**Student:** 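Questions regarding the structure given below will be posed in turn.
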Amino acid sequence: MGRIRSRLLEWYDAHLQDFPWRTARDPYAALVAAVAAQQTQMSRVLPTYERWMTAFPTLRAAAEADRAAVLRAWGRAGYPRRAVALHETARRCVAQHDGRLPADLDALLALPGVGPFTAAIVLCFGYGIDAPAVDTNIVRVIGRVVFGDLQPAAETPRGAIDAAAARLLRPGTAARWNPALMDYGARVCTPRPKCGECVVASLCAARPRFAAGAVAEPVRAQGRFDGSDRQWRGRLLRVLREADGPLRLGALLKAADVPAEEKPRVRALLGTLCADGLAWSDGGWCGLGSEAQAPAPRRPAR
DNA sequence: AATACGGGGGG
DNA sequence: CCCCCAGTATT
């Protein structure tokens, strides 16, 4: 174990990527980066992070923002419900935690959009607390090196991976060890691994299998995106985000280029956006965010 | 345990 | 065209 640790740390020191949230010791910055990183390649995280932090430099600023502004800052980063969760988490921190992120695992996990990974990132980067942040990269690296898996998610149970991650973490090093392991999985121990460049190949339990030419099977099959609900939701939201203000329903469907036969379905999807706090719809008008904006005609006031 | 949830990078 | 991504919430 010790040799694996030292070699990976040595690799990390030579390939260090200096993301601002890694060294800022700012729990809010860590939170924003962690949420932006959920199911998203790092190359796309930095721009989202910069936009968000420029628009809402502090937890309180995020809490006081309106939903439409939050969604515009999120832009095309994907999974916009993450922006809603971030917004709501900021509000709860102000309402219930004295305007700060809790430094406690269970309290963090109680916040919307915060799961085991995000909570661990807040703890280790934000507070310097030792918490193993086990992302998909780390699952793969530990699965292979420790357990000899080709494609860990399909072989070794997650609980065993987590236990190994906790065992590998030396006290006081989480803020360096977590990103070292994550980066290694992203750059070397990739889904199709670069075993020729691997600094722990001689210690890797999976080495014989890969050396024999075994190929890792795809982790999770993915449905078609074209024509999916997800694509339509994304298109609607994009139109709403880029609009100056409220739109007629008909104008929304037209701008989103919805064919006649898809209109009932896409109208229903607008309903799901509203349910998610991403859009509102009222009296034939609709818009970005959670509440009808001024230009929309109000119902007769009593 | 299985699905839903965006959008784009990279082979 | 296909795989995958610093996951989380819901069913």
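A note on names: the letters A, B, ... follow the listed sequences, proteins ahead of strands, and every chain is numbered from 1. None of these values were measured; they are calculated from a predicted model.
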**Student:** May I ask you to say what A:Trp74 touches in the nucleic acid, namely base, sugar-phosphate or nothing, with a heavy-atom cut-off under 4.0 Å?
**Tutor:** nothing
**Student:** Mark yes or no for a side-chain to base donor-acceptor pair under 3.5 Å between A:Arg82 and C:dG7, with no hydrogen or angle criteria applied.
**Tutor:**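 Absent.
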**Student:** What does A:Phe19 touch in the nucleic acid at a heavy-atom separation under 4.0 angstrom: a base, only the sugar-phosphate, or nothing?
**Tutor:** base
**Student:** Using the side-chain heavy atoms of A:Met42, tell me which of these nucleotides is nearest: C:dA6, C:dC5, B:dG6.
**Tutor:**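 Closest nucleotide to the A:Met42 side chain: C:dA6.
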**Student:** Of the candidate nucleotides C:dA6, B:dC5, C:dC5, which contains the atom at the shortest distance from the side chain of A:Asp135?
**Tutor:**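 Selected nucleotide (nearest to the side chain): C:dA6.
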**Student:** Give me the distance, rounded to whole Å, that separates C:dT11 from B:dG6 when you measure between the P atoms they each carry.
**Tutor:** 15 Å
**Student:** For B:dG7, does the base pair up with any side-chain atom of A:Arg76 as donor and acceptor (N or O, under 3.5 Å, distance only)?
**Tutor:**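 When only heavy-atom distances are counted, A:Arg76 does not reach the base of B:dG7 through any donor-acceptor pair under 3.5 Å.
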**Student:** Give one of base, sugar-phosphate or nothing for A:Ala77, where a contact means two heavy atoms less than 4.0 Å apart.
**Tutor:** base
**Student:** Out of B:dG6, C:dA6, B:dG7, which nucleotide sits closest to the side chain of A:Arg233?
**Tutor:**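 The listed nucleotide nearest to A:Arg233's side chain is B:dG6.
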**Student:** Look at all strands and tell whether A:Arg22 reaches a base, only sugar-phosphate, or nothing, counting heavy atoms closer than 4.0 Å.
**Tutor:** base
**Student:** Write down the distance between CZ (A:Arg81) and P (B:dT3), rounded to a whole number of angstrom.
**Tutor:**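 A:Arg81 atom CZ is separated from B:dT3 atom P by 16 Å.
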**Student:** Is there a side-chain polar atom (N or O) of A:Arg192 under 4.0 Å from OP1 or OP2 of C:dC4?
**Tutor:**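 It does not, given that no N or O in the side chain of A:Arg192 lies less than 4.0 Å from OP1 or OP2 of C:dC4.
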**Student:** Can you tell me how far P in C:dA6 sits from the matching atom in B:dA4, rounded to whole Å?
**Tutor:** 23 Å
**Student:** Does A:Gln39 place a side-chain N or O at less than 4.0 Å from the phosphate oxygens OP1/OP2 of C:dG7?
**Tutor:**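 Yes, within the criterion.
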**Student:** Take the protein atom CD of A:Gln151 and the nucleotide atom P of C:dC5, then report the distance between them rounded to whole Å.
**Tutor:** 8 Å
**Student:** Counting only side-chain N and O atoms of A:Thr136, is one of them less than 4.0 Å from OP1 or OP2 of C:dC5?
**Tutor:**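 Answer yes for this pair, as a side-chain N or O of A:Thr136 is under 4.0 Å from OP1 or OP2.
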**Student:** So if I take every side-chain heavy atom of A:Met182 and compare against C:dA6, C:dC5, C:dT8, which nucleotide ends up nearest?
**Tutor:**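 Nearest to the side chain of A:Met182 among the choices is C:dA6.
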**Student:** Taking N and O atoms by type only, does the side chain of A:Thr40 place a donor or acceptor under 3.5 Å from a partner on the base of B:dG6?
**Tutor:**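 Counting by modelled atom types and ignoring angles, a donor-acceptor contact under 3.5 Å is found here.
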**Student:** Dump the intermediate steps for side-chain hydrogen bond (donor to acceptor under 3.5 Å, both in side chains) on A:Arg67 and A:His87, then the final yes or no.
**Tutor:** CA-CA 8 Å; A:Arg67 180 60 53 77; A:His87 192 202; 2.9 Å; yes
**Student:** By nearest heavy atom, map A:Thr118 and A:Arg224 onto DNA chain C; which one lands nearer the 5' end?
**Tutor:**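 Nearest-nucleotide comparison on DNA chain C picks A:Arg224.
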**Student:** Nearest to the A:Pro116 side chain among B:dG8, B:dG6, C:dT8, which nucleotide is it?
**Tutor:** C:dT8
**Student:** Could you give the CD-to-C1' distance, from A:Gln38 to C:dA9, as a whole number of Å?
**Tutor:** 11 Å
